[in-house]
Protein chains: 2
Amino acid sequence: MDGLTAPVTVDDHHGCPATAVLRRVGDKWSPVLLSLLARGGYGFNELDRSVEGLSRRMLIRTLRSLERDGLVSRTVHAGVPPRSEYALTDLGRSLREQLNALGRWAVTHEAELTAARRRYAEHT
Amino acid sequence: MDGLTAPVTVDDHHGCPATAVLRRVGDKWSPVLLSLLARGGYGFNELDRSVEGLSRRMLIRTLRSLERDGLVSRTVHAGVPPRSEYALTDLGRSLREQLNALGRWAVTHEAELTAARRRYAEHT
DNA sequence: CCGAATCCAGGCGGATACTG
DNA sequence: CAGTATCCGCCTGGATTCGG
């Protein structure tokens, strides 16, 4: 019926408080869009063109779910042609900072991860 | 043929360095297991019994993928009965700290997220 | 230009049964 | 006890098409 409902649902924590956030932004495009929107407001097609490999459907889907959780705001400028502006909310910016920290961890330990993978692949 | 290959794969970054980590630990059980193993070494059945709702298959699958990336170590004690011990590596502990930070963010802003959801659901 | 609906493949994740 | 293999449902995510 829909085809556009939120891709991400948050359920049980199982004693790990980070689980909710991880599953919230652990989908394919949320972190990319948060990263992009952190650089200022964006129009729809701007986003569409900026991210290669991102289909229009998943763009809307992801934006909606981010908007739903108050991480992204959408302001519609009616007129011809119509234009929608997307931007991070304060909450979104605050989350984005956490993701930045994670990003720093990633680049710092990237080599160790790939090294571990090679080891694992070689041993068996 | 397999049924046990790694559940998580890390691909493109798309300009967001956090993406890799998020998709690495954004699956259902990785954060839970990391959180659990942070409290010390664990045997297989201990883990199996500790986490409710976690099937044996997904337990092994997730442990293997964590081991593959050097986040978790497995030491097999042959004998009768056989026993496998799982623990965090240094890399795993370092990642776990980052997830703790995310967890703190989660509990701090939990209310804002649910409030935003209510607003969104009510408006349409 | 922005968005929604439909259709469809692939992967995650669960249930179950079988080995050393 | 610690896995492994098989079958299967569901959900994420991509391609395409249609509407305002």
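Chain letters run A, B, ... following the sequence lines, proteins first, then strands; residues in each count from 1. Owing to the predicted nature of the structure, the values given are computational and were not obtained by experimental measurement.
- When rounded to the nearest whole Å, the span between CD of B/E52 and P of C/dG14 equals 12 Å.
- Separating the NE2 atom of A/H77 from the P atom of C/dG3 is a distance of 11 Å, rounded to the nearest angstrom.
- Between C/dG11 and B/R23, no contact under 4.0 Å exists linking OP1 or OP2 to a side-chain N or O.
- When only modelled atom types and interatomic distance are considered, B/N100 and B/R96 share a side-chain donor-acceptor pair under 3.5 Å.
- Of the listed nucleotides (D/dT12, D/dT4, D/dA2), D/dT12 has the atom at the smallest distance from the side chain of A/R61.
- For A/D27, whose side chain is taken as the heavy atoms from C-beta onward, the closest listed nucleotide among D/dG13, C/dC1, C/dG14 is D/dG13.
- In this entry the distance linking CG of B/L63 with C1' of D/dG3 reads 11 Å, nearest Å.
- The distance between atom CG of A/L22 and atom P of C/dC12, rounded to the nearest whole Å, is 17 Å.
- Here C/dG3 presents its P atom at 10 Å from CG of A/L47, a figure rounded to the nearest Å.
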Pair B/V25-B/L102, side-chain contact (heavy atoms from CB on, under 4.5 Å): steps then yes or no: CA-CA 12 Å; B/V25 294; B/L102 251 185; over 6 Å; no
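- Spacing between atom NZ of B/K28 and atom C1' of D/dT12 amounts to 14 Å, rounded to whole angstrom units.
- For D/dG3, the OP1/OP2 oxygens have a side-chain nitrogen or oxygen of B/R74 closer than 4.0 Å.
- Side-chain to base pairing of B/R57 with C/dG13: one donor and one acceptor N or O lie within less than 3.5 Å of each other.
- Each of B/R56 and A/L54 was matched to the nucleotide of DNA chain D holding its nearest heavy atom; the match closer to the 5' end belongs to B/R56.
- Across the protein-nucleic acid pair, A/D48 atom CG and C/dC1 atom P stand 10 Å apart, rounded to whole Å.
- For D/dC1, neither phosphate oxygen OP1 nor OP2 lies less than 4.0 angstrom from any side-chain nitrogen or oxygen of B/S84.
- Taking side-chain N and O atoms only, A/R64 has a distance below 4.0 Å to OP1 or OP2 of C/dG3.
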Intermediate values then yes/no, side-chain contact (heavy atoms from CB on, under 4.5 Å), A/T62 and A/L66: CA-CA 6 Å; A/T62 310; A/L66 292 172; 4.2 Å; yes
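- Salt bridge present: A/E67 and A/R64 bring a charged side-chain N and a carboxylate O closer than 4.0 Å.
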N/O donor to acceptor pairs below 3.5 angstrom from side-chain atoms of residues 39-47 of chain A, sequence neighbours left out:
from	atom 1	to	atom 2	distance (Å)
A/E46	OE1	A/G43	N	2.9
A/E46	OE1	A/R83	NH2	3.3

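- Put simply, A/Y86 has a side-chain N or O that comes within less than 4.0 Å of OP1 or OP2 on C/dG3.
- Computed from coordinates, the A/M58 CE to C/dC2 P distance equals 19 Å when rounded to whole Å.
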